[in-house]
Amino acid sequence: MTAVEPMKLDTAGQDDIFGLAKGYYSTRAMLAAWRLGLLERAAAGETLDVTVLGAQWGVPAGQVRPLLDYLVIRGFFEKESADGYRLTARGQAARPFFGYLSTMVGAYEPVFARIEELITGSIVYGKDISRSHEEMVRGLTALEDRMMGTVTEAVRDAGGRVVLDLGCGSARMLAHICALDPAIRAVGVDRDKDSCAVARETARREGLEDRLTILQGDAGDVAALPADVVGDVDTVTVMFLLHEILRQRGRDGTVQLLRDIAELVGDGGRLVMVEVSGTTEPAYRENLLFVPEYELLHEYTNQRLAARPEWEAMVAEAGMQVRDVRPVNMCQAFCLVAGRGAGDGR
């Protein structure tokens, strides 16, 4: 009797889908750990005890354990004892990037949970749904250290003495800039009142209340800011905000904002802007981390990325010259320094 060979199944497609699901579950588990404060505590060296955590939250340890057990399987945590969990080397390596969980996933979770309705027009972004501003601010605050050095150095090299930050969030960046020199003064503008409250607390905590002023207002309308507060500004910093202006107010509106900035800082003043360069070639985008996802979520949330040459063209149209472009330690982000009047061109 001839033996029957076992049937071979092609599972490549199934494995691909399972791989996608694994990434989703891993991301959701890490985001939960981030939101619960567990990642920050573990990154600070704490061994997480599920019994202690359960007591803190008033739940059985068995309600906390499955999350950390799953993250053990995925390589971010390891067990130190029966109830104790700590970050692995992989988890520690991811530490500087935990903020991406909040900015890339948590902040846009309300949007992507209903993306089908956005695509078909059943709901409208900004009216029926919007991203979580709180998650965005928290994530950017965690990631600021990765760009803080570049921006601070650009402000220092520009000789800035009175710095205006558009969309200041927590104002940690401005506090860092003020630390360069006790003679530097700063102004932060943000439309969100909770962010302004956090920024004022930053100023108080750092002993900068007499040098750091926080305004609640439209960071996209520089001309409307009170002259008695911003009249002496010689440097404007703006991080990851101009792409929102670009979609919402168009190219002309963005160029007008850049003109207003140029007028505010005057000859010899500087604009220091941080943006992510958009791309147009699918084959190029495919090989990039972060950028394809970043572009997708922006397309459905009233924002538009532009490639770096387009930003440089808008800066030129606003009457400024690009003085310097520096890489930022984030995927495809760049720091562009521009000004009008005296100064050495690139």
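Minimum interatomic distance between G84 and S81 (heavy atoms only, all atoms of both residues): N-OG, 3.0 Å. Considering all non-hydrogen atoms of both residues, A219 and G167 come closest at CB-N, 3.6 Å. For the pair G99 and A142, the tightest heavy-atom approach, listed with the atom from each and the gap, is CA-CB, 3.9 Å. In plain terms, the two heavy atoms of A186 and C178 that are nearest each other are CB-SG, 3.8 Å. Scanning all heavy atoms of the two residues, the minimum distance from A171 to L212 falls at CB-CD2, 4.3 Å. Residues G106 and P110 approach most closely at O-CD, 3.8 Å, considering heavy atoms.
By the rule that hydrophobic residues join a cluster once side-chain heavy atoms approach within less than 4.5 Å of another member, V229 and V233 end up as members of one cluster. Residue Y108 is grouped with residue L296 when hydrophobic side chains (ILVMFWY) are merged at heavy-atom distances under 4.5 angstrom, including chains of intermediate members. No single ILVMFWY cluster, assembled from side-chain heavy atoms under 4.5 Å apart, contains both V52 and L67. Linking Ile, Leu, Val, Met, Phe, Trp and Tyr residues whenever their side-chain heavy atoms come within less than 4.5 Å leaves L297 and V124 in two separate clusters. Y24 and I73 are assigned to two separate hydrophobic clusters, defined by single-linkage of ILVMFWY side chains at heavy-atom distances under 4.5 Å.
Only one option out of L31, L39, L38 pairs with R35 in a side-chain contact (heavy atoms from CB on, under 4.5 Å); it is L31. Of the candidates R131, R304, R249, R131 is the only one forming a salt bridge (charged side-chain N to carboxylate O under 4.0 Å, His left out) with E244. Of the residues listed (T235, T237, L258), the one engaging L271 in a side-chain contact (heavy atoms from CB on, under 4.5 Å) is L258, and it is the only one.
Counting only heavy atoms from C-beta outward, the side chains of L48 and F77 approach each other to under 4.5 Å. The shortest distance between side-chain heavy atoms of R191 and D218 does not fall below 4.5 Å. You'll find the side chain of Y125 reaches within 4.5 Å of the side chain of S130, heavy atoms only. In this structure the side chain of L336 reaches within 4.5 angstrom of the side chain of E312, judged on heavy atoms. Between H133 and S195 there is a side-chain heavy-atom pair separated by less than 4.5 Å. Using a 4.5 Å heavy-atom threshold, the side chains of D83 and R65 count as touching. Between R251 and E317, some side-chain heavy-atom pair lies under the 4.5 Å cut-off. At a threshold of 4.5 Å between non-hydrogen side-chain atoms, the residues E263 and R340 count as touching.
The environment of NZ in K79 is crowded: more than 12 heavy-atom neighbours from other residues, nucleotides or ligands sit within 6.0 Å.
Side chain of Q92 to backbone of L87: no donor-acceptor contact under 3.5 angstrom is found. The backbone N or O of C196 sits nowhere less than 3.5 Å from a side-chain atom of D190 that would complete a donor-acceptor pair. Listed for the R74 side chain is no donor-acceptor partner under 3.5 Å among the backbone atoms of S26. In this structure, the side chain of R185 does not engage the main chain of D232 through any donor-acceptor pair within 3.5 Å. A donor-acceptor pair under 3.5 Å is formed between the side chain of R211 and the backbone N or O of I184. The backbone N or O of S170 lies less than 3.5 Å from a partner atom in the side chain of T202, making a donor-acceptor pair. The backbone N or O of R161 sits less than 3.5 Å from a side-chain atom of D234, completing a donor-acceptor pair. Formation of a donor-acceptor pair under 3.5 Å by the R270 side chain with backbone atoms of V337 is not found in this model. For S102 (side chain) and F98 (main-chain N/O), no donor-acceptor pair under 3.5 Å exists by modelled atom type. Side chain of S277 to main chain of R308: a donor-acceptor pair is present (N/O by atom type, distance under 3.5 Å, no hydrogens or angles).
Between E201 and R204 there is a salt bridge, since a side-chain N of the basic residue sits under 4.0 Å from a carboxylate O of the acidic one. Between R156 and D181 there is no salt bridge, since no side-chain nitrogen of the basic residue lies less than 4.0 Å from a carboxylate oxygen of the acidic one. Ion pairing of R90 with E78 is absent here, as no side-chain N (NZ or NE/NH1/NH2) approaches a carboxylate O to less than 4.0 Å. D157 has no carboxylate O lying under 4.0 Å from a charged side-chain N of R323, or vice versa, which leaves the two without a salt bridge.
Taking the six-membered ring where tryptophan is involved, the planes of F240 and H243 are tilted, since the angle between them lies from 30° to 60°.
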After noting the C-alpha distance and the side-chain angles of I261 and L166, does the key distance pass the side-chain contact (heavy atoms from CB on, under 4.5 Å) rule?
CA-CA 10 Å; I261 290 172; L166 302 178; 4.0 Å; yes
For R138 and W34, run side-chain contact (heavy atoms from CB on, under 4.5 Å): C-alpha distance rounded to whole Å, both residues' side-chain angles, the deciding distance at 0.1 Å, then the answer.
CA-CA 11 Å; R138 186 183 177 201; W34 164 262; 3.4 Å; yes
Run the side-chain contact (heavy atoms from CB on, under 4.5 Å) test on L242 and W311 for me, step by step, so that the C-alpha distance in whole Å, both residues' side-chain angles and the decisive distance to 0.1 Å come before the verdict.
CA-CA 9 Å; L242 290 175; W311 286 116; 3.5 Å; yes
Does the pair V137 and V198 meet the rule for a side-chain contact (heavy atoms from CB on, under 4.5 Å), with working shown?
CA-CA 10 Å; V137 170; V198 172; over 6 Å; no
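Among residues at least two apart or in separate chains, salt bridge (charged side-chain N to carboxylate O under 4.0 Å, His left out) pairs with a member in residues 44-64 are R41-E46.
Atoms OG1 and NE2, on T152 and H176 in that order, are 4.0 Å from each other to the nearest 0.5 Å. The CD1 atom of I129 sits 11.5 Å away from the OG1 atom of T301 when rounded to the nearest 0.5 Å. The CG atom of L68 sits 7.0 Å away from atom CG of L53, with the distance rounded to the nearest 0.5 Å. Summarising the geometry, atom CZ belonging to R326 is positioned 7.5 Å from atom OG1 belonging to T150; distances are rounded to the nearest 0.5 Å. Note that OG1 of T213 is 9.5 Å distant from CZ of R200, once rounded to the nearest 0.5 Å. Summarising the geometry, atom CE belonging to M239 is positioned 8.5 Å from atom CG belonging to L140; distances are rounded to the nearest 0.5 Å.
Alongside I17, the hydrophobic cluster contains L20 (criterion: ILVMFWY side chains under 4.5 Å).
Checking D252 against Q256 by side-chain atom types alone, no donor-acceptor pair falls below 3.5 Å.
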Can I get a per-line list of side-chain donor-acceptor pairs under 3.5 Å for residues 111-118, giving both atom names and the distance, sequence neighbours left out?
residue: R114; atom: NE; partner: E117; partner atom: OE2; Å: 2.9
residue: R114; atom: NH2; partner: E117; partner atom: OE1; Å: 3.1

